[in-house]
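Below is one structure, written out as structure tokens, with a few remarks after it.
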Amino acid sequence: MKTYKQKTDFLYIGVKLLKWYQTHKRDLPWRKSINPYNIWISEVVLQQTQVKQGMQHYLNFVERFPDVDTLANADEEEVLLYWKGLGYYSRALNLHKAAKQLVTDYNSEFPETYAELLKLKGVGKYTAAAIASISFHEKVAAVDGNFYRVLSRLFADDFDISNSRAFQYFSELTELIMPETDAGCFNQAMMDLGSEVCKPKNPLCSDCPLQDDCRAFAIGKINQFPVKLKKTKVENLALSYQFIYHDDQFLVKQRDTSDIWKKLFEYPKNLDFNDIDFIEEHEKVIQHKLTHRNLEISISKILIPNKCDFDKIKTENDFLSFSFTEAEQKSFPKPLHDYYIKYFS
DNA sequence: AATTCGGGGTA
DNA sequence: TACCCAGAATT
């Protein structure tokens with residue numbers, strides 16, 4: 001680590017940040033209480049996800065699953081349904097597993113310490129710290145991407161944030177400014193500052209409560225921090241699907257837990273028809289960009305005129321079949337993830 | 001210690 | 001386009 005002065009020399013910065021937070025904190029639904037369940041769900045929704053994107057999913061999720069027991073007792077497929085379109089689907093699977101853990105091992109009550117919260121599936125160092133500090137007032141820093149950015153600018157520190165030791169490094173830097181009390185507010189203040197003021201591009205330094213303390217601002221090199229050396233790599237992937245339908249039904253298949261879209265549903269691939277009568281109507285090609293992949297998805301649209309043949313396909317291949325609504329049928333094809341899970345009354 | 005998990009927003 | 005986001009599990 002670079003050489004810094006004594007810890008006490010920087011503590012006033014954290015105090016100043018807390019003061020700023022009192023009047024500038026965002027009005028967010030999960031800040032209306034410190035109920036650990038709601039804090040937990042919000043923190044998981046917001047992993048690698050911006051507030052604007054995760055907001056509606058959070059609201060829908062806690063409305064349908066308002067507490068640990070409701071979530072634990074729900075079907076996995078329905079939990080996934082409420083996560084549809086949000087990405088990083090292991091988050092939903094782990095939420096469900098952790099809810100079951102809480103019911104079985106903790107009598108449906110949240111453990112109240114950082115160390116114990118870490119044992120829950122899908123709860124890592126950041127999320128455990130967020131819950132412990134916000135809901136249980138434990139003094140532990142919830143170090144995330146906002147901390148990396150704010151601290152690297154504040155101290156004009158060029159430590160590579162893509163380095164696997166970055167978490168440890170910026171955790172130690174946090175100690176320099178973190179007040180003894182109000183850890184939950186401090187953590188959320190760092191998030192709000194990073195999100196609303198100390199933004200990745202074009203930070204609003206004129207609105208920043210820490211402008212006078214910011215080393216990067218002082219030397220006019222705000223845009224050089226944080227330093228990130230590793231670049232994102234993208235690969236191309238081709239998927240070939242068959243949209244096989246009859247009347248108001250079509251075939252989908254559940255993916256496994258490997259690779260992308262864990263346990264979500266997709267059209268069948270490479271299905272062998274043998275003696276079954278069918279009509280191939282047309283083929284549609286969709287370009288779909290993911291963070292780490294560029295997908296080219298080709299979909300053959302196939303009508304099975306004979307209901308018996310359709311049932312035969314289902315049976316022989318053990319596919320799940322869902323009905324779809326007329327509106328969804330008319331809008332075909334849409335982006336693929338819209339078709340994964342179907343529920344109809 | 002490095003890679004792999006999504007999808008929306010931003011410049 | 002490339003990069004970012006209230007990261008965690010897996011390899």
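Order of the sequence lines sets the chain letters (A, B, ...), proteins ahead of strands, with each chain counted from 1.
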*Which of the following nucleotides, dA2(B), dC3(C), dG6(B), is nearest to the side chain of Ile260(A)?*
dG6(B)
*Go through the structure and list residues passing ring-ring contact (aromatic ring centres under 6.0 Å, His included) with Phe136(A), not counting sequence neighbours.*
none
_What is the distance, to the nearest angstrom, from the CG atom on Leu117(A) to the P atom on dA8(C)?_
12 Å
*asked:* Below 4.0 angstrom, which residues in residues 52-69 of chain A have at least one non-hydrogen atom near DNA chain C?
replied: none
*Return no unless some side-chain N or O of Gln48(A) is found under 4.0 Å from OP1 or OP2 of dG7(C).*
yes
*Can you tell if the side chain of Lys121(A) reaches within under 4.5 Å of the side chain of Gln101(A), non-hydrogen atoms only?*
yes
*Given atom NZ of Lys97(A) and atom P of dA8(C), what is their separation to the nearest angstrom?*
16 Å
*Spacing between Gln47(A) atom CD and dA9(C) atom P, to the nearest angstrom*: 8 Å
*Provide the distance between the two C1' atoms, one in dA9(C) and one in dG8(B), to the nearest whole Å.*
23 Å
*Return no unless some side-chain N or O of Arg149(A) is found under 4.0 Å from OP1 or OP2 of dC5(C).*
yes
*asked:* Less than 6.0 angstrom separating the ring centers of Tyr148(A) and Phe170(A), yes or no?
replied: yes
*All side-chain hydrogen bond (donor to acceptor under 3.5 Å, both in side chains) counterparts of Gln53(A), not counting sequence neighbours*: none
*asked:* Reading DNA chain B from 5' onward, which residue's closest nucleotide shows up sooner: Lys289(A) or Asn202(A)?
replied: Lys289(A)
*Would you check if the side chain of Asp157(A) reaches a backbone N or O of Phe159(A) as a donor-acceptor pair within less than 3.5 Å?*
yes
*Map Leu118(A) and Val51(A) onto DNA chain C by nearest heavy atom, then report which one ends up closer to the 5' terminus.*
Val51(A)
*Residue list, ring-ring contact (aromatic ring centres under 6.0 Å, His included) with Phe61(A), at least two apart or on another chain*: Phe65(A), Trp83(A)
*asked:* Please classify the nucleic acid contact of Lys233(A) as base, sugar-phosphate, or nothing, using heavy-atom distances under 4.0 Å.
replied: sugar-phosphate
*Closest to side chain of Ser164(A), choosing from dG7(B), dA1(B), dC5(B)*: dA1(B)
_Value in whole Å for how far the P atom of dG7(C) lies from CZ of Phe167(A)_ = 11 Å
*Atom CG of Asp259(A) to atom C1' of dT4(B): distance rounded to whole Å?*
9 Å
_Any N/O donor-acceptor pair, Thr49(A) side-chain to dG7(B) base, under 3.5 Å_ = no
*Reckon Leu28(A) touches a base, only the sugar-phosphate, or nothing at all at heavy-atom distances under 4.0 Å?*
base
*By nearest nucleotide on DNA chain B, pick out whichever of Ser162(A) and Leu86(A) is the more 5' one.*
Ser162(A)
*Touch class at under 4.0 angstrom, heavy-atom based, for Thr127(A) against every strand present*: sugar-phosphate
*Provide the full list of side-chain hydrogen bond (donor to acceptor under 3.5 Å, both in side chains) pairs with a residue in residues 211-223 of chain A, sequence neighbours left out, each pair given once.*
Tyr12(A)-Asp213(A), Lys16(A)-Asp213(A)
_Side-chain N or O of Lys262(A) closer than 4.0 Å to phosphate OP1/OP2 of dT4(B)_ = no
Check: residues 190-207 of chain A side-chain donor-acceptor pairs under 3.5 Å, at least two apart:
residue: Asp192(A); atom: OD1; partner: Arg26(A); partner atom: NE; Å: 2.9
residue: Asp192(A); atom: OD1; partner: Arg26(A); partner atom: NH2; Å: 2.6
residue: Asp192(A); atom: OD1; partner: Arg31(A); partner atom: NH2; Å: 2.9
residue: Asp192(A); atom: OD2; partner: Arg26(A); partner atom: N; Å: 3.0
residue: Asp192(A); atom: OD2; partner: Arg31(A); partner atom: NH1; Å: 2.9
residue: Ser195(A); atom: OG; partner: Arg26(A); partner atom: NH1; Å: 3.2

*Would you indicate what Trp40(A) reaches in the nucleic acid, counting non-hydrogen atoms under 4.0 angstrom: base, sugar-phosphate, or nothing?*
nothing
*Any side-chain N or O of Arg26(A) under 4.0 Å from OP1/OP2 of dA6(C)?*
no
*Do Tyr21(A) and Asp182(A) have side-chain N/O donor and acceptor atoms under 3.5 Å apart?*
no
*Rounded distance in Å between the P positions of dT3(B) and dC3(C)*: 16 Å
*pi-stack flag for Tyr126(A) and dG7(C), centroid dist under 5.5 Å, interplanar under 30°*: no
*Have a look at Asn94(A) and say if it touches a base, only the backbone sugar-phosphate, or nothing, with a 4.0 Å heavy-atom cut-off.*
sugar-phosphate
*dG7(B) OP1/OP2 closer than 4.0 Å to side-chain N/O of Trp261(A)*: yes
*Rounding to a whole Å, what distance do you find between Glu43(A):CD and dA6(C):P?*
11 Å
*Let me know the distance between NZ of Lys199(A) and C1' of dC5(C), rounded to the nearest Å.*
14 Å
*Please tell me which of the listed nucleotides, dA6(C), dG7(C), dT10(C), lies nearest to the side chain of Tyr88(A)?*
dG7(C)
*Mind calculating the distance between NE2 (His292(A)) and P (dC3(C)) to the nearest angstrom?*
12 Å
_Proximity of Trp40(A) and Phe110(A) rings by center, below 6.0 Å_ = yes
*For nucleotides dT4(B) and dA6(C), find the distance between their P atoms and express it as a whole number of Å.*
24 Å
*Give a yes or no on whether a donor-acceptor pair under 3.5 Å exists between the nucleobase atoms of dG7(B), that is its base, and the side chain of Thr291(A).*
yes
*Is there a donor and acceptor pair, one atom on the side chain of Arg91(A) and one on the base of dA9(C), closer than 3.5 Å?*
no
